[in-house]
Novice: 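Before I ask anything, here is the structure I am working with.
All values below were derived from every heavy atom in this structure, side-chain atoms included, with hydrogens, water molecules and symmetry-related copies excluded.
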Amino acid sequence: MFLRIVGESFARKPRRKALTATALALGMGVATATLSVALDVGDRLAREFRSLGANLLVTPQADTLPLEIGGVDYRPVDAGAYLPEAELPKLKTIFWRNNIVGFAPFLEVPVETQLAGRPRSNRVTLIGTWHQHVVPVPDGTTFTTGTATTHPWWRVSGRWFAEDAAECVVGATLARRAQIKPGDTLTLHAGERAAELKVTGIAATGGPEDEALIAPLGVTQALAGHPGQFRRMLVSALTKPEDEFARRDPAKMSPADYDRWFCTPYISSIAFQLQQVFPGIEARPIRRVAESEGRILTRIGALMWLVTLAALVAAGLAVGATSATTVLERRTEVGLMKALGAGNGLVGAFFLAEQLLLALVGGGLGYALGALLARMLGESVFGVPATERLIVLPVILALAALVALAGSLLPLRRAARFDPAPILRGE
């Protein structure tokens, strides 16, 4: 009898029920889209942020201060501390190794340049690094990394140097001032050591590299007299925005808090793990990059949750309005049920059963609509459709049920106050 009464209610007022289901579908559609995008936005924006460059600087724990004048480091070649290149594959063995997108070691050497047929010029800096270098990983795989990953905005007119060749690219400002062009051959002098490098391109970086020469790391190491060593490294890692917990001192954490901190990809925890596997280094977050990423991700996440909340409130108001109208239209039916002995609980159960059925229908339609909307948003914003997550479906159905029930509370409270005698007399 209970199901029969509920079914006849749907048959008598199909438009009213369709309006309620539509309101729920629209609200749940927006909620599905925002939740789907919110679940993806962190990872996708983190990858997009890697175009801003590296977010970790690795240097020796003990190093001398640089002596730079006009962008040129005048420290003696043998001054300062160095790090072993052979240890770099260990960076891909940390707990968050898959979050290490790329890294590039650097070695700067002050040199004197000489173009064929010209006298020696003033001192410039030769920067040794990797552009696209294949690193063997201890697990037997390989990893390609270098400035192509850590400095994706660097542009070269011509081509980049080959990793194992005696070649270099010249910073745009230096090339313009010294009238150097691709195809020229430069003779470089670093103390008693000398090397001839062929210019393969002109680099525009927007930084101090525009005043320098950039060459393969191996070539620079040989010229500096430090084979297999480098002075600093930039690491690009996918991270989670830091919160107050992330800024706590791990040495003062309880074992449970330490495990939680260690197993979360905070910039600080990744830096800590790098120092564990690579002794003798100091890994420091580049705060202006990491903090900017954190602020943007936090604000976008807050915006997504705000839109979701607004959609749920709008759907709840629509359900409340249609429920109130339905209760008023069925006053006589409510009065008759109460006159026959039905209590407020049974009367409310009829209306709540209707709302739950509508919530299931509206939630299912809303999920399908929201998945399509999330796909469109992902393609328009990130160029890649948002990942469909079935875990969102039960969440949306539960939200639809909560919204339907919440929107029906006031109308049901009013129905509970109906007195059957005046209603049946037509008053």
Side-chain angles (χ1 to χ4, degrees), residues 53-54 66 68 70-77 82 85 88 102-135 144-234:
E68 292 189 1
V72 179
D73 190 350
Y74 282 90
R75 281 183 299 184
V77 174
Y82 292 84
E85 181 184 348
L88 289 179
F103 52 89
F106 289 87
L107 176 63
E108 291 86 7
V109 182
V111 297
E112 292 183 353
T113 62
Q114 182 177 7
L115 192 61
R118 300 184 193 175
R120 290 189 185 182
S121 68
N122 295 327
R123 274 194 167 193
V124 299
T125 298
L126 174 66
I127 301 174
T129 187
W130 296 338
H131 177 58
Q132 286 185 318
H133 187 82
V134 178
V135 179
T144 301
T145 185
T147 57
T149 302
T150 60
H151 298 74
W153 67 90
W154 284 8
R155 294 292 179 266
V156 167
S157 175
R159 67 173 177 84
W160 276 97
F161 52 75
E163 288 294 325
D164 298 322
E167 299 175 340
C168 69
V169 297
V170 183
T173 304
L174 175 61
R176 185 167 52 253
R177 186 179 69 249
Q179 297 182 349
I180 301 173
K181 61 184 183 299
D184 289 343
T185 299
L186 294 176
T187 302
L188 307 182
H189 299 269
E192 297 180 354
R193 291 177 290 272
E196 287 189 354
L197 303 182
K198 181 180 179 181
V199 178
T200 61
I202 307 300
T205 68
E209 295 82 9
D210 284 349
E211 290 277 3
L213 304 173
I214 307 174
L217 181 62
V219 173
T220 308
Q221 289 169 339
L223 194 59
H226 286 277
Q229 294 179 319
F230 64 95
R231 197 185 291 273
R232 64 184 176 92
M233 176 174 60
L234 290 173

Novice: Which label fits Trp160 and His131: parallel for a plane angle under 30°, tilted from 30 to 60°, or perpendicular past 60°?
Specialist: parallel

Novice: Just grab all the salt bridge (Lys or Arg N to Asp or Glu O under 4.0 Å) pairs involving residues 169-182, residues at least two apart or on different chains.
Specialist: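 Those involving residues 169-182 are Arg177-Glu211, Lys181-Asp184.
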
Novice: By salt bridge (charged side-chain N to carboxylate O under 4.0 Å, His left out), which residues pair with Arg159, not counting sequence neighbours?
Specialist: Glu167

Novice: Drop me the distance from Thr144's OG1 to Trp130's CH2, to the nearest 0.5 angstrom.
Specialist: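 The CH2 atom of Trp130 is 10.5 Å from OG1 of Thr144, to the nearest 0.5 Å.
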
Novice: Looking at side-chain heavy atoms only, is the closest gap between Thr200 and Cys168 below 4.5 Å?
Specialist: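 Answer no - side chains too far apart.
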
Novice: Are any of the side-chain heavy atoms of His151 and Thr205 separated by less than 4.5 Å?
Specialist: no

Novice: Which heavy atom in Pro110 sits nearest to a heavy atom in Ala190, and how many Å separate them?
Specialist: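 Taking every non-hydrogen atom into account, O-CB, 4.2 Å.
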
Novice: Output the distance between atom NE2 (His226) and atom CG (Leu107), rounded to the nearest 0.5 Å.
Specialist: 7.5 Å

Novice: Atom NE2 of His189 and atom CG of Leu126: how far apart are they, to the nearest 0.5 Å?
Specialist: 13.0 Å

Novice: Closest heavy-atom contact between Ile202 and Ala172?
Specialist: CG2-CA, 3.6 Å

Novice: Please name the residue in the list Leu188, Leu174, Ile180 that meets the side-chain contact (heavy atoms from CB on, under 4.5 Å) test with Thr113.
Specialist: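 Only match with Thr113 under side-chain contact (heavy atoms from CB on, under 4.5 Å): Leu188.
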
Novice: Which heavy-atom pair separates Phe161 from Val169 by the least distance, and what is that distance?
Specialist: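 What the structure gives for the nearest pair is N-CG1, 4.2 Å.
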
Novice: Which heavy atom in Pro216 sits nearest to a heavy atom in Ala162, and how many Å separate them?
Specialist: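 For Pro216 and Ala162, the tightest heavy-atom pair comes out as CG-O, 3.4 Å.
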
Novice: Could you pull out the closest heavy-atom pair between Thr129 and Pro105, with the gap in Å?
Specialist: OG1-O, 2.9 Å

Novice: Out of curiosity, Asp164 CG to Leu217 CG, how far, rounded to the nearest 0.5 Å?
Specialist: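 Here the interatomic distance stands at 11.0 Å.
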
Novice: Distance from Thr149 atom OG1 to Leu234 atom CG, nearest 0.5 Å?
Specialist: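 Here the rounded value is 12.0 Å.
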
Novice: Could you tell me the separation between the CZ atom of Arg231 and the CD atom of Gln221, rounded to the nearest 0.5 Å?
Specialist: 12.0 Å

Novice: Tell me the closest heavy-atom pair linking Phe230 and Leu88, and the distance in Å.
Specialist: CZ-CD2, 3.7 Å

Novice: Using modelled atom types and a 3.5 Å cut-off, is there a donor and acceptor pairing between side-chain atoms of Arg155 and backbone atoms of Ala204?
Specialist: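 Absent.
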
